[in-house]
Amino acid sequence: MKLTKYIVLSLFLGALTGMILHVFFFNAFDSINTYLFVPVGTIFLNLIKMLVVPIVFCSIALGVAGLGDMKKLGRIGGKSLFFFLSTTALAITLAIILASIIQPGTIGNFDISSQTFDGVSEAPSFVDTLVNIIPTNPLQAMVGGEMLQVIFFAALVGIALAALKEKIQRTTHILEEANKILMYLVTLIMYTAPFGTFALLASAIGQQGFSAMKAMALYMITVVLALILHVVLVYSSVLKVWGKRSPIWFFKNFYPAMLVAFSTASSNATLPFSMKTVQEKMDVSKSVSSFVQPLGATINMDGTAIMQGVATVFIAQVYGIDLTINQLVIVVLTAVLASIGTAGVPGVGLIMLSMVLQQVGLPVEGIALIIGIDRLLDMLRTAVNTSGDAICAIIIDESEKKFEVDATARSAM
Ligand code: ASP
């Protein structure tokens with residue numbers, strides 16, 4: 001609790017320091033940023049990223065093994081996918097509606113003649129993403145941090161652990177102990193969080209120009225409003241109806257993880273901390289959280305989909321292109337796929353946006369307009385991305401508990 005207070009304080013102080021440096025000492029900012037903020041921020045990021053691959057591997061293997069049988073795995077996997085896809089589709093629909101009402105691209109002067117953006121080739125096609133889930137070399141997948149591939153391999157190992165039970169008990173024990181070591185390291189590393197978040201915030205805010213923000217204010221407001229509405233309308237009601245929990249209870253317990261997501265702008269980097277929070281403070285079973293949250297951090301990105309929806313409508317408005325209903329439906333579909341393909345690291349959502357724009361024939365160069373202010377929005381949308389995964393874990397845990405009670409009742413009859 002004390003640590004969380006320090007993190008909040010350091011976020012605030014970091015933002016303030018960044019702002020003061022940007023406004024009054026911009027010349028000095030560059031060197032302070034290079035020699036202080038960037039190294040301290042990177043050390044913090046590296047420390048948590050260091051744990052991500054081993055944690056995802058151990059916890060998914062153990063999580064799947066803990067589920068016990070393929071039927072349960074299929075049921076939880078199916079429910080997670082349904083939750084991820086439907087909430088993401090709702091998120092982007094909400095974003096498109098809001099952007100069409102507010103029309104952020106029609107007010108202000110946007111210089112579109114000199115825009116260039118060359119990130120197009122970096123967006124992989126959806127088929128490639130799907131085929132590439134299966135690693136040809138699991139060690140290479142771990143070395144390269146290919147999360148979907150690591151998840152796939154870990155899930156297979158988990159299935160084997162469950163099937164072979166007594167024969168491989170020692171291996172299961174070793175994995176359990178490794179998991180305990182990793183979770184202990186998460187606790188240890190979180191003590192560096194106040195320094196890390198201070199540096200990351202000071203660096204991000206210090207680099208943002210106010211003039212850039214002013215021109216883009218309406219776009220930013222639209223994205224932020226859509227993020228808030230999604231949390232209030234979709235997440236809160238889903239939590240209440242299917243999770244039997246109050247949204248206030250959720251945010252009270254989960255906000256420290258949201259702060260980490262906010263300062264790192266990376267769902268992957270937040271994962272160790274958000275899993276620990278959900279398992280220890282929110283009473284979600286380890287096996288469900290261990291399976292659902294890493295999967296969600298990799299493929300479930302409602303916040304990112306919201307940015308992509310608003311950005312697409314915004315770019316169409318700036319370029320004076322009317323989107324038909326058909327095109328908007330395509331935007332919803334491709335943004336759902338794009339957010340699945342987006343890796344949980346900073347800024348990737350913007351690169352995947354090029355896939356959405358291309359699908360509906362909008363100029364990809366439009367991305368250059370929003371790139372300058374994206375970091376700040378990235379922080380916010382990552383907090384939403386991470387919350388979506390946690391809420392999914394809570395709901396599935398609740399429905400599994402109910403399923404088991406029903407099953408016991410059925411067998412007693
Ligand atoms: N930074 C986001 C995340 O890690 C992804 C993105 O939208 O760029 O969740």
Could you report the tightest heavy-atom contact between [X] and [Y], atom names first, then the distance?
X	Y	value
Ile205	Gly18	CG2-C, 4.1 Å
Val157	Ala61	CG1-CB, 4.3 Å
Ala155	Val64	O-CG1, 3.6 Å
Ser290	Met275	CA-CE, 4.0 Å
Cys392	Phe84	SG-CE2, 3.5 Å
Asp302	Asn385	N-OD1, 3.2 Å

To the nearest 0.5 Å, what is the distance between [atom1] ([X]) and [atom2] ([Y])?
X	Y	atom1	atom2	result
Leu51	Ile181	CG	CD1	11.5 Å
Asp378	Thr304	CG	OG1	7.0 Å
Ile325	Leu323	CD1	CG	10.0 Å
Ile48	Phe273	CD1	CZ	9.5 Å
Asp283	Asn253	CG	CG	10.5 Å
Thr298	Gln293	OG1	CD	11.5 Å

Contact between [X] and [Y] at the side-chain level, heavy atoms closer than 4.5 Å - yes or no?
X	Y	value
Val238	Phe83	yes
Leu362	Tyr319	no
Ile7	Met190	yes
Val52	Pro272	yes
Leu337	Met355	yes
Val40	Phe44	no
Phe198	Leu11	no
Phe25	Ile20	yes

> Which of parallel (below 30°), tilted (30 to 60°) and perpendicular (above 60°) describes Phe57 and Phe153?
Replying inline: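 Ring orientation of Phe57 relative to Phe153: parallel.
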[X] side chain vs [Y] backbone, donor-acceptor pair below 3.5 Å:
X	Y	value
Glu146	Ala141	no
Asp389	Ala297	yes
Ser236	Leu233	no
Gln140	Asn137	no
Gln149	Pro138	no
Thr187	Met183	yes

With [X], the side chain to side chain contact (heavy atoms under 4.5 Å, CB included) member among [options]:
X	options	answer
Phe262	Thr382, Leu380, Val384	Leu380
Pro104	Val223, Ile221, Leu218	Leu218
Gln359	Thr312, Leu333, Thr334, Val331	Thr334

>> Closer than 4.0 angstrom, basic N to acidic O: yes or no for Asp374 and Arg381?
In response: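 Result for this pair is yes, salt bridge flagged.
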> In chain order, what residues pass the salt bridge (Lys or Arg N to Asp or Glu O under 4.0 Å) check against Asp406, with sequence neighbours excluded?
Replying inline: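 Expected list: Lys402.
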> Taking the six-membered ring for Trp, is the centroid-to-centroid distance between His230 and Tyr235 below 6.0 Å?
Replying inline: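 Ring centroids of His230 and Tyr235 are less than 6.0 Å from each other.
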> So, for Phe254 and Phe250, is the gap between ring centers shorter than 6.0 Å?
Replying inline: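 For Phe254 and Phe250, the ring centres are under 6.0 Å apart.
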Heavy atoms from other residues, nucleotides or ligands near [atom1] of [X] exceed 12 (cutoff 6.0 Å):
X	atom1	answer
Lys79	NZ	yes
Phe195	CZ	no
Phe26	CZ	yes

> Could you walk me through whether Ser387 and Met258 pass the side chain to side chain contact (heavy atoms under 4.5 Å, CB included) check?
Replying inline: CA-CA 7 Å; Ser387 308; Met258 290 172 82; 3.4 Å; yes
>> Applying side chain to side chain contact (heavy atoms under 4.5 Å, CB included) to Leu239 and Ser246, what does each step give before you reach the verdict?
In response: CA-CA 7 Å; Leu239 255 177; Ser246 95; over 6 Å; no
>> Show every salt bridge (Lys or Arg N to Asp or Glu O under 4.0 Å) that has at least one partner inside residues 221-248, sequence neighbours left out.
In response: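 Only Arg245-Glu398 qualify under salt bridge (Lys or Arg N to Asp or Glu O under 4.0 Å).
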> side chain to side chain donor-acceptor pair (under 3.5 Å) between Thr197 and Ser10: does it pass, once the steps are laid out?
Replying inline: CA-CA 6 Å; Thr197 46; Ser10 63; 2.8 Å; yes
Taking atom types as modelled, find out whether [X] and [Y] have a side-chain donor-acceptor pair closer than 3.5 angstrom.
X	Y	value
Thr386	Ser274	no
Glu176	Thr172	no
Ser289	Gln279	yes
Lys49	Thr264	no

> For Leu45 and Ser266, what are the C-alpha separation, side-chain angles and deciding distance, and is it a side chain to side chain contact (heavy atoms under 4.5 Å, CB included)?
Replying inline: CA-CA 9 Å; Leu45 278 178; Ser266 164; 5.5 Å; no
>> Evaluate Thr222 against Val313 for side chain to side chain contact (heavy atoms under 4.5 Å, CB included), listing each step before the verdict.
In response: CA-CA 11 Å; Thr222 315; Val313 176; over 6 Å; no
